[in-house]
2 protein chains.
Amino acid sequence: MIDHLSAVKIESSTRSYHHGGLRQAVIDEGLRLLDANQKEPDALSLRQIARNVGVSAPAVYHHFPDKQALLKSLADYGMQMLAEQQAEAAKIGGETGFAEMGRTYVRFAIANPGLFRLIFSHMPMRISPSTSALKGSPEWMLRDYIKRTLGPTATAREQFAAVVRVWSLIHGLSMLILDEQVDHQSAEELLDEILEVGGLRLKVRTQT
Amino acid sequence: MIDHLSAVKIESSTRSYHHGGLRQAVIDEGLRLLDANQKEPDALSLRQIARNVGVSAPAVYHHFPDKQALLKSLADYGMQMLAEQQAEAAKIGGETGFAEMGRTYVRFAIANPGLFRLIFSHMPMRISPSTSALKGSPEWMLRDYIKRTLGPTATAREQFAAVVRVWSLIHGLSMLILDEQVDHQSAEELLDEILEVGGLRLKVRTQT
DNA sequence: GACGCATCCTTACACTGATAAGATGATCGA
DNA sequence: TCGATCATCTTATCAGTGTAAGGATGCGTC
């Protein structure tokens, strides 16, 4: 309780006690660490984030019920970011735009490894032949393109199978690259050939 | 230091002080927990394993330099298990055997989620156009089949692209199912259609 | 029979996510 | 302008983690 000590304390705390935008600051720092780490998203430490933001760990709990909720928020942000890039690519339209969506997906994964992993480990979507996507979402754009390509005679099962096939291809390639199963550089160089853009196959077969 | 207490202690410890096959017991218990948990492999606790085996945590360190090494051993076991199943499927031979390898891969992932994740997060293989696989390994079998299918005129780059394309498809489907992006049941029902077995495509195009 | 060494134990440390209870300060009604 | 309210942040604490250091145990070998 010495004067100058408490004075210093008050001075430093007046600047930081009510942080203002803590929630956003935590999310920003989380994204930054996720980007810097390159590692498993679970390795991301809530306390580390709080420390870097200049706040005690329990303060975070006033903005997120628990760590999972924080990660979910980061995943939401990542999903939105991916969706925007996908929408941008889709604007090109037609087969070219469709191919560009595939490239964009894989490149997003390479550019944001931690975030990409987080998205798919924290956002179960459970698409099935009977579920329908939100209009304008990446999934909707994919389904829409495939519906048009397959023609009106295709059943829901056929459409579902085609969607999952295309998605599996680009998602699998992304994961294999991130997990270093496949040489990063070679795969990126041969991206179009792997996805069969310019060949026949990123699009589904037009008819049997 | 009461007599019967120390007696009990000695009695119980004489049975377990030198465990005998601790290393194997740890691996077995690790596999068991991995199977039971269904969760992220990193959630697996070294201390929990030690507890279940009836041994103190640091005892594990006499058999594995650190936790990562333990996980690596589990991954090795998993990889061997997957390879055996793949080899079994390949015995069928021809296009049918090739298709069966794809089904087997996906079904292995569904049956062993934790182990499957562990394999690909702890065993970088870095295949590229210039690397070559160990004869008899799943990768070798895949490359061999594709080489024969594409014919002698195909370049290493073309072969690599075809291998990665097929692998991406089955690996991506596996991951999407495990991460619950795609409805498990629907996907398994439509497995052949997604992989385009019986259609045209699990095999690569025969010619342009 | 004593020594040596692999194997295991206890203890301890620095981290993690999470809870509880108290301090702080902005905001709004009297 | 004062005082109460309430969101926000604090410190203290707990159970759990991976791992390091040093001591106990008991098997195999000279």
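Within every chain, numbering begins at 1; the chains are lettered A, B, ... in the order of the sequence lines, protein sequences first and strands thereafter.
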Sugar-phosphate, base or nothing in reach of Ala59(B), heavy atoms under 4.0 Å: sugar-phosphate
Contact under 4.0 Å: Ser56(A) side-chain N or O vs dC9(D) OP1/OP2: no
Residues from residues 62-78 of chain B lying under 4.0 Å of DNA chain C - heavy atoms: His62(B), His63(B)
d(OH, Tyr61(B); P, dG22(D)) in whole Å: 17 Å
Euclidean distance, atom CD of residue Gln48(A) to atom C1' of dA14(C) [Å, nearest integer]: 14 Å
Rounded interatomic separation in angstrom, taking CG from Leu46(B) and C1' from dT19(D): 9 Å
Non-neighbouring partners of Phe116(B) that pass ring-ring contact (aromatic ring centres under 6.0 Å, His included), sequence neighbours left out: Tyr105(B), Phe120(B), His171(B)
N/O (side chain, Arg23(A)) to phosphate O (OP1/OP2, dA7(D)) under 4.0 Å: no
Leu44(A) CG to dC15(C) C1', straight-line distance once rounded to whole Å: 15 Å
Phosphate OP1/OP2 of dC15(C) contacted by Ser45(A) side-chain N/O (<4.0 Å): no
Polar pair under 3.5 Å, donor/acceptor by atom type, side chain Arg47(B), base dG18(D): yes
Length of the line joining Ile49(A):CD1 and dA18(C):C1', which is rounded to integer Å: 15 Å
All pairs passing salt bridge (charged side-chain N to carboxylate O under 4.0 Å, His left out) where residues 171-182 of chain A contributes a residue, at least two apart: Arg117(A)-Asp179(A), Glu180(A)-Arg126(B)
Asp28(A)/Arg32(A) salt bridge by N-O under 4.0 Å criterion: no
Selection from dA12(C), dT11(D), dA18(C) that lies nearest to any side-chain heavy atom of Pro58(A): dT11(D)
For Glu88(B), side chain to side chain contact (heavy atoms under 4.5 Å, CB included) partners two or more places apart: Lys91(B)
Gap between atom CH2 of Trp167(A) and atom CG of Leu173(B) - 0.5 Å precision: 11.0 Å
Under the salt bridge (Lys or Arg N to Asp or Glu O under 4.0 Å) test, residues paired with Lys72(A) that sit two or more places apart: Asp76(A)
Non-neighbouring partners of Thr104(B) that pass side chain to side chain contact (heavy atoms under 4.5 Å, CB included), sequence neighbours left out: Gln85(B), Gln86(B), Ala89(B), Glu100(B)
